[in-house]
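Below is one structure, written out as structure tokens, with a few remarks after it.
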Amino acid sequence: MNVESLVRVEDKLYYNRYLVDIGHPHVKVRAHTTPSPQLLALLKACPARCYELNDDGQVEITVDGCIECGTCRVIAEPTGDIEWSHPRGGYGVQFKFG
Ligand code: SF4
């Protein structure tokens, strides 16, 4: 297999669509001043890159594009750093395999 035939994660994510549920994010980050190690880990662990550092050094999430993989749930929900639930019916990611 040559390198040119490999498919990047970003290329696969491009085919997904996301129906935004305005005002009802299904993942929330706990208010904090200094991010915990778990929150900082999410900056690299989320395959959809939903987590970012804001100008004040706090971790924020934009759920648009979340593929509901559960990675952040495993890392940061047990420590109380995030609240995670499934999107309401009809909202969230719509997978396409084209
Ligand atoms: Fe990112 Fe997965 Fe968490 Fe969604 S469930 S925010 S894609 S790590």
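Order of listing sets the numbers, starting from 1, for every ligand and every atom in it. What you are looking at is a predicted structure, and each value in this text was computed from that prediction instead of being measured. Values reported hereafter were calculated over all heavy atoms of this structure, with side chains retained and with hydrogens, waters and symmetry mates removed. Residue numbers run from 1 in the order of the sequence given.
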Is the shortest heavy-atom distance from the side chain of [X] to the side chain of [Y] under 4.5 Å?
{"X": "Thr62", "Y": "Tyr51", "value": "no"}
{"X": "Glu68", "Y": "Pro87", "value": "yes"}
{"X": "Leu19", "Y": "Gln94", "value": "yes"}

>> Check for me: within less than 2.8 Å of atom 3 (Fe) of ligand 1, which protein N/O/S atoms show up?
In response: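 Checking every protein N, O and S atom gives Cys72 SG.
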> Can you hop from Val63 to Ile22 via hydrophobic side chains spaced under 4.5 Å?
Replying inline: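 Val63 clusters together with Ile22.
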> Closest approach of Arg88 and Asp21, non-hydrogen atoms and distance?
Replying inline: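 Scanning both residues completely, I find the closest heavy atoms to be NE-OD2, 2.7 Å.
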> Between the side chains of Thr79 and Asp81, does any donor sit under 3.5 Å from an acceptor?
Replying inline: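 There is such a pair (donor and acceptor under 3.5 Å, judged by atom type) between the side chains of Thr79 and Asp81.
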